[in-house]
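All values derive from a computational prediction rather than experimental measurement. Below, each value reflects all heavy atoms present in this structure, side chains not excepted, and no hydrogens, waters or symmetry copies.
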Amino acid sequence: MPPSTSVSAPSGPPDWAALRNKVSLLLPGDSGYDSAKRVFNPAFDGRKPAAIAKCAKPEDVQAAVEAAARRVPIAARSGGHSYAGYSVPDGGLMIDLGEMSSVDVRGERAVIGAGAKLKDVYAKLGGAGRCLPAGSCPSVGIAGLTLGGGIGVLARKYGLTCDHLVSAQVVTADGKLRTASADSEPELFWALRGGGGGNFGVVTSFTFRTDPSPSVVSVFSLRFPAGSANEVLAEWQRWLPEAPPELWANVVLSGGSPVGARISGCYVGDSASLAKVLDQLTGKINGTRTVKQLDYLGAMKYFSGSESRQSFVASSRILSEPVDPAKLTSILDGRRGMDLLVDGLGGAVADVAPDATAFWHRKAIGSVQIYSQADTRNRSAATDSVAEVVTGLGLGGGYVNYIDPALPDWMTAYYGDNATRLKQVAKTYDPDKVFGFAQAVTPA
């Protein structure tokens, strides 16, 4: 049975000494505490959890939740990539899932611990000849990615990461370990597929359906001359929706004078087949082309980027329909150090109904990320600049995995018409807001 509403809240702080007898626990001043609380973005280094529980098994998570529930904020950390640093709760309990990182491939299914990073997921799956569509950054955690939906470079062919979720083990607010699947806790299962990380409970492991890994994935990069950004974006918006689902592509607009533009992506197939699809774009717009034919794991490594910590400010919008390119490019004029990245959707993503899972933006052309480099000296200015650009774009929606504390009407932006149902799930499984945070899904 789902948790019931509590009668009264407990008083006083958690008994950290008692919890330390059950779980590996770090408190401020302990050796290793400062490094253990660090996440991907150094901007959040100043936050100070009251304790960090380094959990190695579901029972550790249960003990941590039971000790801290309704006494201090609780947040789980998998990869530590929350754009708002929500996995580092000031004065609260951080549940570190890093030691729960196993990747067990069992035939067509994979059981993956909530602390696993994408680089390890890809390595293990690729070695077993299996494929799971997921993100690109190697240090992103499988948990946050899946719970927010999971946009990636193979999404048009295979769908979102959450579309492959078969079941999840979840510690809910009452400290119970539950199995969420189509047959067990189905409403919770629905919410975990796109309802956002940090909501409803702490997932300890995921079971995914996998596909045979493609033998060949061709990757490409297209570069265009200065001053052609409007033309590039116009053609990309026309070309991608008409392309076969084997093709995925993004378009990146780089702030400056003039605004720069480039397109990159991949094709599940050989380079000769890719060339025919690219010709449909480059036949209408001049540019240089680079193509490499790789295997599945090689292609994932191609897109992986750096694992180094990065200080940045970012937000998102959703490209629901084609727009006037000048609407996006003009706002970037002269803004060096800022990129606008449009990741293509469609294909298998759009084959699923918007209300079949909690991920709402099924029919969109792409997700739009506004990303600006920012260190301690210019973070305030970068934050203001990103906010100005987001407002100037005039686009709606947002991707919860690019979570933004300043996003207006964020429940609707992230979840659309699914918001009401998500609030009901929260009322059922976390009525007392045990896992509450600034942009948590809370009871209706």
Side-chain angles (χ1 to χ4, degrees), residues 37-49 72-94 137 140-141 143-145 147-149 151 194-200 309-318 331 337-341 358-361 367-416 418-419 422-423 426 430 433-443:
K37 73 181 181 69
R38 291 199 310 178
V39 290
F40 185 71
N41 194 331
F44 307 116
D45 284 351
R47 296 190 181 177
K48 192 173 183 179
V72 296
I74 301 174
R77 183 187 67 185
S78 175
H81 279 256
S82 168
Y83 277 25
Y86 286 144
S87 58
V88 194
D90 251 335
L93 174 64
M94 173 192 282
C137 181
V140 160
L145 176 80
L147 297 173
I151 294 173
N199 294 311
F200 318 115
R309 301 176 78 209
Q310 298 173 22
S311 184
F312 64 92
V313 175
S315 187
S316 70
R317 287 292 187 270
I318 298 297
I331 196 70
M338 180 178 290
D339 287 335
L340 191 151
L341 305 88
F359 184 86
W360 176 250
H361 303 294
S367 68
V368 181
Q369 180 178 188
I370 304 91
Y371 182 100
S372 179
Q373 301 170 1
D375 56 29
T376 55
R377 295 168 298 176
N378 71 347
R379 184 169 184 81
S380 178
T383 300
D384 292 343
S385 186
V386 166
E388 184 179 348
V389 167
V390 167
T391 301
L393 292 176
L395 302 176
Y399 180 35
V400 70
N401 279 351
Y402 302 148
I403 203 162
D404 176 7
L407 188 63
D409 192 15
W410 53 269
M411 275 293 294
T412 301
Y414 298 145
Y415 308 119
N418 288 335
L422 284 168
K423 290 179 180 180
D430 190 11
K433 305 178 185 179
V434 167
F435 301 108
F437 58 96
Q439 287 189 344
V441 175
T442 53

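When atom types are taken as modelled, the side chain of Arg317 and the backbone of Leu395 share a donor-acceptor pair closer than 3.5 angstrom. At distances below 3.5 Å, at least one donor-acceptor pair connects side-chain atoms of Asn378 with backbone N or O atoms of Asp375. Proximity of a side-chain donor or acceptor of Lys37 to a complementary backbone N or O of Asp45 within less than 3.5 Å is detected. In this structure, the side chain of His361 does not engage the main chain of Tyr399 through any donor-acceptor pair within 3.5 Å.
For Ser78 against Gly141, the heavy-atom pair with the smallest separation is OG-CA, 3.4 Å. Nearest approach of Val386 to Ser372, heavy atoms of both residues: CG2-CB, 3.7 Å. The shortest heavy-atom contact between Gln369 and Ala314 is OE1-CB, 4.0 Å. Considering all non-hydrogen atoms of both residues, Gly392 and Ile331 come closest at CA-CD1, 4.2 Å. When all heavy atoms of Val441 and Asn199 are compared, the closest pair comes out as N-OD1, 2.8 Å. Ile318 and Gly398 get closest at one heavy-atom pair: CG1-N, 3.5 Å.
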Test log, rule side-chain contact (heavy atoms from CB on, under 4.5 Å), inputs Ile151 and Asn401: CA-CA 9 Å; Ile151 294 173; Asn401 279 351; over 6 Å; no
Derivation of the side-chain contact (heavy atoms from CB on, under 4.5 Å) call for Ser385 and Met338: CA-CA 9 Å; Ser385 186; Met338 180 178 290; 3.3 Å; yes
Take Phe435 and Asp430 through the test side-chain contact (heavy atoms from CB on, under 4.5 Å) and record every step on the way to the result. CA-CA 7 Å; Phe435 301 108; Asp430 190 11; 3.5 Å; yes
Evaluate the criterion side-chain contact (heavy atoms from CB on, under 4.5 Å) for residue pair Gln373 and Ser311; output intermediate values, then yes/no. CA-CA 6 Å; Gln373 301 170 1; Ser311 184; over 6 Å; no
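Side-chain contact check for Tyr415 versus Leu422: some heavy-atom pair is nearer than 4.5 Å. You'll find the side chain of Cys137 reaches within 4.5 Å of the side chain of His81, heavy atoms only. Proximity of Leu393 to Ile370: side-chain heavy atoms (C-beta onward) are separated by under 4.5 Å at one or more points. Looking at heavy atoms from C-beta onward, Pro89 lies in side-chain contact with Met94 at the 4.5 angstrom threshold. Residues Arg309 and Asn41 have side chains not in contact (no heavy-atom distance under 4.5 Å, counting atoms from C-beta outward). The shortest distance between side-chain heavy atoms of Gln310 and Tyr371 falls below 4.5 Å. Side-chain contact check for Ser82 versus Ile403: some heavy-atom pair is nearer than 4.5 Å. Leu340 has its side chain within reach of Val368: a pair of non-hydrogen atoms, C-beta onward, lies under 4.5 Å apart.
Classified by interplanar angle (parallel below 30°, tilted 30° to 60°, perpendicular above 60°), the ring pair Trp410/Tyr414 is tilted. A perpendicular orientation is assigned to the rings of Phe312 and Tyr83, their planes being inclined by more than 60° (bins at 30° and 60°).
Residue pairs that meet the side-chain hydrogen bond (donor to acceptor under 3.5 Å, both in side chains) test with at least one member in residues 84-94, sequence neighbours left out, do not exist here.
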